[in-house]
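In what follows, chains are A, B, ... by sequence order, proteins preceding strands, each numbered from 1.
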Number of protein chains: 2
Amino acid sequence: MDVDTRLLRYFAAVAEEGTLTGAAARLFVSQPALTKQMRRLEDDLGVRLFARSRSGMALTDAGREFASRVPALLGAWDEAVQATGRVARVLRLGFLDAGAVGAVPEVIAEFRRAQPKWRVELRQFDWSDPSAGLARGEVDAAVVRLPFPGQGGFVVRELFTEDRGVLLPARHPLANSETVEFRELRNEPFVAAGSETGAWRDHWLAAEERDGYPVRVGAVTSRPDEWLSAVAGGCVALAPASAARFYSHPDVVFRAVRGVSPSRVGLARSRRHVHEAALHELLQAMTRRLSRS
Amino acid sequence: MDVDTRLLRYFAAVAEEGTLTGAAARLFVSQPALTKQMRRLEDDLGVRLFARSRSGMALTDAGREFASRVPALLGAWDEAVQATGRVARVLRLGFLDAGAVGAVPEVIAEFRRAQPKWRVELRQFDWSDPSAGLARGEVDAAVVRLPFPGQGGFVVRELFTEDRGVLLPARHPLANSETVEFRELRNEPFVAAGSETGAWRDHWLAAEERDGYPVRVGAVTSRPDEWLSAVAGGCVALAPASAARFYSHPDVVFRAVRGVSPSRVGLARSRRHVHEAALHELLQAMTRRLSRS
DNA sequence: CACGTCCATGCCGCCAGGTTATAGAAGCAG
DNA sequence: CTGCTTCTATAACCTGGCGGCATGGACGTG
């Protein structure tokens, strides 16, 4: 009988939540997907795990037994991944955009000098996961934009802040000004991240700075190229200052904005002490690099 | 990071075997499939697990670390499945053909009387797995035809024997005789099981009774309906006497055969003592039923 | 009686994982 | 040196599983 960890995570969520609908929302999948998965799990085991009712999914005795073992299974898997990485001396580092990592190659080079036996493996993630792979255990640490959903579950060290500006279509009237007031942008259609990113999405729509003015969402994207295209197509989007250096598009311009808080960049890692020494050294390398620039 | 148990089993096989080609043969999958899977595993972990060379795949240090943990992971998973079945009082029973199970409903009914709290879940398997799901952990016990590949890994109790006869096309010359000598069949094209079933396939081709005459394989099938069609199409196939009762086809006849050993039917279960009491009772029910008929 | 809130089902599109065929590299025998 | 063998890697293709959307059905509630 084959099963994968995703199915176990699904099951754990449904068991805790008590409803498919609720678990689906938490896992960012559709409710029918969970219906099917839970049924498949029951079929494979040959055991009814849930008692269905209009009010939700209640665990049966067998379901409780199974549920009591799932965390250990997932934990052991995670443990195995960590241990393997430790032996291989590989540090998986997630990031969302080049700007957040700052001078990536220099930081890595600095780190290599301090920890010649370790290797850093960089992984870029799109905006469907603001934790840059940390939430799914795909990386050991991640350079993230704060705040991000689920942040409380991790150890976060703030690295630096960076002003936020705006990307505008080149022929937009405001493109002529050197600096834009945020309130001038409030009625523009914004490019937003997927709704599964919650507070993170709101932060990049500057929900806090709107004084109650409703958001107009002009497009939803999760990748830089789509993002730029959407702006070229007439939307606007807040962006960190570094975006002006790392991304460019002929029909898109970057302008400073007054009236929005800066973007905070941090290094996040799991609460469990994984790769302690190496991570410490990485942090050192980053801060040394920052203090120099 | 999501992974499934199949991938872990693949990895374990490659690690033990030392070559993809060898492991592929053992797992009955193609070698390119393993190439891709092992690479994916390495990519997901961000770690080189194997040192490749023309002579095979050697584990790296990290690979050894990972390999040392895989058996425990698979074991814990198996354990969880068992425990859940124990609480739910479900006994998963595999079988290949109705004849082997004998009078299924009666045995089940008898079992229910003795163990009213337990439920038997029957699962039929095709001939691609002569262990009827036991090898893959899909069932707790299985009614099998002996001998079957991998039999040594299980506890097997022989239940009864049954004469083997032959299925012939209705218009085959030998169909006129009441009884056929096996040597008259030696040059006929036989229907065979897939080559992955090894000795089991040979047994149903009566390899031992051929005195060295080579086998002519006329068709390869893994399911009863294809099997009958192949016979209707001009092949012949050995079959247990009960097949005459449970399977029928207008253009196929069953005839007794002299000169082949009978088929032995047994109950097989895992070496680890799972569902001890219930299995004991099931065995009782079967033997009671057998002694009565 | 209409509405909200669950879970279940049907249909569709996509991708992971499998297969076969073939290429490439390297040892080994003659 | 050449041809044979034995590995792994790559390419092209096919299929089934999984997820998404839309909808249905059951049932409690205002």
In whole angstrom, give the distance that lies between atom [atom1] of [X] and atom [atom2] of [N].
X: B/Leu34; N: D/dT8; atom1: CG; atom2: C1'; result: 11 Å
X: A/Asp4; N: D/dG19; atom1: CG; atom2: C1'; result: 13 Å
X: B/Gln31; N: C/dG17; atom1: CD; atom2: C1'; result: 15 Å
X: B/Phe28; N: C/dG18; atom1: CZ; atom2: P; result: 15 Å
X: A/Met38; N: C/dC6; atom1: CE; atom2: C1'; result: 16 Å
X: B/Asp43; N: C/dA16; atom1: CG; atom2: C1'; result: 14 Å
X: B/Asp2; N: D/dG17; atom1: CG; atom2: C1'; result: 15 Å

| Taking the six-membered ring where the residue is Trp, are the ring centres of A/Trp127 and A/Trp204 under 6.0 Å apart? | no
Think [X] has a side-chain N or O under 4.0 angstrom from the OP1 or OP2 of [N]?
X: B/Thr21; N: D/dT8; result: yes
X: A/Arg52; N: C/dC6; result: no
X: B/Arg6; N: C/dG18; result: yes

| Distance, nearest 0.5 Å, that separates CZ of B/Arg52 from OG1 of B/Thr60 | 9.5 Å
Where the side chain of [X] is concerned, which of [options] is the nearest nucleotide?
X: A/Met57; options: C/dC7, D/dA9, C/dG18; result: C/dC7
X: A/Gln37; options: D/dT8, C/dG18, D/dG19; result: D/dG19
X: B/Lys36; options: C/dC11, C/dG18, C/dC6; result: C/dG18
X: A/Thr35; options: D/dC18, C/dC7, D/dA9; result: C/dC7

| task | Decide yes or no on side chain to side chain donor-acceptor pair (under 3.5 Å) for B/Ser53 and B/Ser55, but give the supporting numbers first. | result | CA-CA 5 Å; B/Ser53 74; B/Ser55 63; 2.9 Å; yes
| remark: Result for 5'-nearest mapping on DNA chain C, choosing between B/Pro32 and A/Leu20, is A/Leu20
| Starting at the 5' end of DNA chain C and moving along, which residue's nearest nucleotide shows up first, A/Arg54 or A/Arg39? | A/Arg54
| request: Determine the interplanar angle of the B/Phe50 and B/Phe11 rings, folded into 0 to 90°, and report it as parallel if under 30°, tilted if 30 to 60°, perpendicular if over 60°. | output: tilted
| message | Students often get this wrong, so: under 4.0 angstrom with heavy atoms, is B/Tyr10 touching a base, only sugar-phosphate, or nothing? | response | sugar-phosphate
| request: Would you mind classifying the nucleic acid contact of B/Ser30 as base, sugar-phosphate or nothing, using non-hydrogen atoms under 4.0 angstrom? | output: base
| Has the side chain of B/Thr197 got a donor or acceptor atom that lies under 3.5 Å from a matching backbone atom of B/Ala193? | no
